[in-house]
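The structure under discussion appears below in the form of structure tokens.
Being a predicted model, the structure only gives us computed values, none of them experimental.
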Amino acid sequence: MLPLEVLEQARDELLDWHHSGMSVMEISHRSEAYSRCAAEAEADLRELMCIPRNYKVLFLQGGASAQFAFVPMNLATPQSTVDYVNTGHWSQKAITEAGRYCKVHLAGDAGGDYRRVPPQSELRFSVKPAFVHYTPNETIGGVEFAYVPETRGVPLVADMSSSILSRPLDVSKFGLIYAGAQKNIGPSGLTVVIVRDDLIGHARAQTPLVFDYKAVFDHQSMLNTPPTFAWYMAGLVFKWLKKAGGLAAVGERNRVKAAALYGAIDASQLYKNSVAKDARSWMNVTFTLNKPELAGEFLAGAAGAGLHGLKGHRVSGGMRASIYNAVPLAGVETLIAFMSEFERQHV
Ligand SMILES: Cc1ncc(COP(=O)(O)O)c(C=O)c1O
């Protein structure tokens, strides 16, 4: 879900952006007006996340999946060992891809049914890894780290695709953060990379230039044509977040939303969330029905009540409520009311 105000603003200026007589999609990315828009988006993101000056912000394409390959290509040599923590579907994908470019050591594994996060005391790092990679929020399983792993000076890399901007974050604890835009940032097509400046400039020779962080930085993320509309939309979302009170206010709202939904699930006889309580995601609330034969009726009834996208991912089944930043508390309350009424009718 994108914020309604953002969609309305995009609609209102779609045909005539900043009195140019053209759509933002029709304007050159090299024009002064667009460069200003792009720079403003970066400045707003920096302000929102309190990104320190020694970190670069890059706007790329290829999604988080491209970063599964380009992080190792930029940060490690073929001889390097890289440490990965496996907490679910997306960490697994990242591990498989990294294995094509370096030696992967599993530093932590929540294996099996992926319903928990290994605590810091369970993490076993290799002797000198080029970096440690983890997935703070596993979008499919609804499993989230409640802590930032301590790596004793080794650059920490995080796939924050589904948790970026969901609450305040100390960016200085990370070497690199990447995120596909399509959850809390804006439309798909844009990928944001936040990287400490000492980690760029070491890409292996085979790295495509458009994914070499140093080359991208040197060209202000416009080495080739960027996804201009998605970048513009991201800028509008950043302004909306600032107006909403920044990440402290948004984080508090997200905490309340998640607590309300988990509370309702825990109190019910029909619904069940199987994730360890200290690893429950604020963004993706997964649950099953104790009577799985009711799933179809549940989803149809929910859609009728304006509640969409509740079907769990095809690899996990069950249900999943993705309650990203733009979902208001009222939306979560509507879901809870629907679930409660459905349970009353069926239990
Ligand atoms: C945590 C996480 N990582 C990676 C991906 C893959 O992202 P993309 O489709 O942008 O490649 C997703 C997509 O949902 C995700 O949630």
Taking the side chain as C-beta and beyond, is there a heavy-atom pair between [X] and [Y] under 4.5 Å?
X	Y	result
Phe131	Leu176	no
Leu236	Tyr232	yes
Leu241	Asp44	no
Val24	Glu13	no
Trp231	Cys37	no
Ile185	Val237	no
Leu75	His202	no
Met283	Lys183	no

Partners meeting side chain to side chain contact (heavy atoms under 4.5 Å, CB included) with [X] (sequence neighbours left out):
X	value
Val171	Met49, Ile51, Pro52, Tyr55, Leu169, Ile177, Ile194
Ala43	none
Arg280	Tyr262, Asp266, Asn273, Val275, Lys277
His105	Thr81, Asp83, Ala107, Ser126

Verify whether one side chain among Asp212 and Thr207 offers a donor that lies under 3.5 Å from an acceptor in the other. no

Answer yes if the side chains of Asp109 and Asn86 hold a donor-acceptor pair under 3.5 Å, and no otherwise. yes

Parallel, tilted or perpendicular, judged at 30° and 60°: which one describes the rings of Phe174 and Tyr134? parallel

Side-chain polar contacts of residues 141-156 - donor-acceptor pairs under 3.5 angstrom, sequence neighbours left out - could you list them?
{"residue": "Glu144", "atom": "OE1", "partner": "Trp282", "partner atom": "N", "Å": "2.7"}
{"residue": "Glu144", "atom": "OE2", "partner": "Arg167", "partner atom": "NH1", "Å": "3.4"}
{"residue": "Glu144", "atom": "OE2", "partner": "Arg167", "partner atom": "NH2", "Å": "2.5"}
{"residue": "Tyr147", "atom": "OH", "partner": "Pro118", "partner atom": "O", "Å": "2.6"}
{"residue": "Tyr147", "atom": "OH", "partner": "Gln120", "partner atom": "N", "Å": "3.0"}
{"residue": "Glu150", "atom": "OE2", "partner": "Arg152", "partner atom": "N", "Å": "2.8"}
{"residue": "Thr151", "atom": "OG1", "partner": "Val154", "partner atom": "O", "Å": "2.6"}

Kindly state each residue pair satisfying salt bridge (Lys or Arg N to Asp or Glu O under 4.0 Å) with at least one member in residues 20-33, sequence neighbours excluded. Glu32-Arg36

Tell me which donor-acceptor pairs under 3.5 Å the side chains of residues 291-313 have, and how far apart each pair is, sequence neighbours excluded?
{"residue": "Lys291", "atom": "NZ", "partner": "His346", "partner atom": "O", "Å": "2.9"}
{"residue": "Glu297", "atom": "OE2", "partner": "His346", "partner atom": "NE2", "Å": "2.7"}
{"residue": "His313", "atom": "ND1", "partner": "Val315", "partner atom": "N", "Å": "3.1"}

For a quick test of reading the model, state the closest non-hydrogen atom pair linking Ala76 to Cys102 and the distance between them. CB-SG, 3.7 Å

According to ring pair (Phe, Tyr, Trp, His ring centres under 6.0 Å), who are the partners of Phe238, at least two apart in sequence or on a separate chain? none

Would you please name every residue forming a salt bridge (charged side-chain N to carboxylate O under 4.0 Å, His left out) with Arg124, sequence neighbours left out? none

If the condition is salt bridge (charged side-chain N to carboxylate O under 4.0 Å, His left out), which residues does Arg344 pass it with, not counting sequence neighbours? Glu341

Answer with yes or no after comparing the ring centroid distance for His29 and Tyr34 against a 6.0 Å cut-off, counting only values under it. no

Tested for side chain to side chain contact (heavy atoms under 4.5 Å, CB included) against Val332, the lone hit among Ile336, Leu335, Thr334 is Ile336

Once side-chain hydrogen bond (donor to acceptor under 3.5 Å, both in side chains) is applied, do any residues pair with Arg204, and if so which ones, sequence neighbours excluded? none

Identify every side-chain donor-acceptor pair in residues 61-70 under 3.5 Å, counting partners at least two apart or on other chains, and give the distances.
{"residue": "Gln61", "atom": "NE2", "partner": "Thr225", "partner atom": "O", "Å": "3.0"}
{"residue": "Gln67", "atom": "OE1", "partner": "Tyr213", "partner atom": "OH", "Å": "2.6"}

